[in-house]
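Note that ligands are numbered from 1 as they come in the structure, with each ligand's atoms numbered from 1 the same way. Values below: all heavy atoms of this structure, side chains included; hydrogens, waters and symmetry mates excluded.
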Amino acid sequence: MIYARIVGTGSHLPGDPVSNSDLASRGIETSDEWIADRTGIRFRHFAAKGIGSSDLALEASRQAIASAGIDSATVDLIIVATSTPDVIFPSTAALLQDKLGIRNGGAAFDVQAVCTGFVYALATAEKFIRSGSHRCALVVGAEVFSRILDWKDRGTCVLFGDGAGAVILAASDLSGGVLSSALHADGSHNNILSVPGQVSSGRVTGSPFLQMDGQAVFKFAVRVLGDVAVEAAELAGIGIADIDWVIPHQANIRILQATARRVGIPMEKVIVTVDKHGNTSAASVPLALDLAARDGRIRPGHKVLLEGVGGGFTWGAVLVEF
Ligand code: ACO
């Protein structure tokens, strides 16, 4: 039996933290009080001009490879979750493979499930590892959402930040690792969160900026994050109370609190980074995972539920034993 275990984590946040008051002083008509009360966000990071998702992914990947104690040449699968790729193609994963100097001909591709992207990528990598086709996957969530924000729309531009997180998912004979996964989408809700612009014949048609119906997103997110937590636990044959840590996509503290209440998980078991990172879309779950792994909260044997929800609409969860 082949198990797929997370054996290393890494993350990267670009530049200095930018506070809510910093945003207000840059001319956005907002306040620390409004943003913190409604979202729990206090800081976020922004990548400098010229820095792309593959650059943030590179830093996070180097850390994950070092923490796994492996040679990068053994990575035979790279999956990057991003909605803000460096270019339309090649994939950010292919660019990352080059930047890491990996020349072994392993597979590399991106997945696009917006804020659920990392969960989709991890669940996909697990299937490759368990099938025996690949032995060592680098799974990354990397975003420069600052590039797709309309700085004149105070209802959305204060919510997001840039960053990357990465894990090494390796084949193992030891039981544990990914215990269950569940992935879902309902494309009929595509219009409540989108960047509708298209590149066509050398022109961008439609808005190149993120648009959101915040209240619709809120209600949808709480419902599906709750349901998929229960589903992932049932698939793994464990109870909700057996989960040691929950790492939800970090969109908004009120979504995290409402979901935890709905499922009956105490907030003490929920890893929260939205206050310091804002919403980093596909990067938020692996960023929070790396933080909690490094500060010693996640220990060997712990069962950790990783959950995402985002544009599409997509949602999903992966339950992992460390
Ligand atoms: N600063 C100050 N005032 C603001 C700001 C701001 N940044 N943004 C909006 N306002 C004002 C509005 O103009 C409006 O003023 P008005 O009453 O005079 O018209 C008022 O605040 C209320 O605006 P709403 O949009 O109705 O605010 P709401 O209470 O819905 O809160 C929020 C907005 C925080 C986005 C909320 O809908 C929410 O939490 N939604 C969840 C969505 C989310 O977190 N999305 C993240 C991306 S999706 C994902 O990752 C899955």
### Summary
For atom 35 (C) of ligand 1, the closest protein heavy atom turns out to be Met212 CE, 3.9 Å
### Phe160/Trp151 aromatic ring centres below 6.0 Å
no
### Query
What protein heavy atom is closest to atom 39 (O) of ligand 1, reported as residue, atom name and distance in Å?
Asn252 ND2, 2.5 Å
### Query
Taking only heavy atoms of Gly155, which atoms of ligand 1 are found under 4.0 Å from at least one of them?
8 (N)
### Residues Lys152, Asp150: salt bridge by 4.0 Å N-O rule
no
### Element-labelled atoms of ligand 1 that are located less than 4.0 Å from some non-hydrogen atom of Phe160
47 (C)
### Nearest neighbour in protein (non-hydrogen) for atom 34 (C) of ligand 1
Thr39 CG2, 3.8 Å
### Residues Lys99, Asp55: salt bridge by 4.0 Å N-O rule
yes
### Summary
Ranked by distance from atom 28 (P) of ligand 1, the top protein heavy atom is Arg38 NE, 3.7 Å
### Task
Mark up the atoms of ligand 1 that fall under 4.0 Å of a heavy atom belonging to Glu29, in ascending order.
1 (N), 2 (C)
### Message
Return the closest protein heavy atom for atom 25 (O) of ligand 1 as residue, atom name and distance.
### Response
Gln215 NE2, 4.9 Å
### Task
Output yes when Arg294 and Asp290 qualify as a salt bridge under the 4.0 Å nitrogen-oxygen rule, no when they do not.
yes
### Query
Only one of His249, Gln250, Glu143, His277 forms a side chain to side chain donor-acceptor pair (under 3.5 Å) with Ser284, so which one is it?
His249
### Query
What protein heavy atom sits nearest atom 8 (N) of ligand 1, and how far off is it?
Trp34 CH2, 3.3 Å
### Task
Tell me, please, which residues at least two apart from Asp76 pass side chain to side chain donor-acceptor pair (under 3.5 Å).
none
### Message
Around atom CZ of Arg42, are there more than 12 heavy atoms from other residues, nucleotides or ligands closer than 6.0 Å?
### Response
no
### Query
Nearest protein heavy-atom contact for atom 46 (C) of ligand 1: which residue, which atom, what distance?
Asn279 ND2, 3.4 Å
### Query
Is Asp162 paired with Arg147 through a side-chain N to carboxylate O contact shorter than 4.0 Å?
no
#### Entry: Protein contact to atom 51 (C) of ligand 1 [nearest heavy atom, distance to 0.1 Å]
Val309 O, 3.3 Å
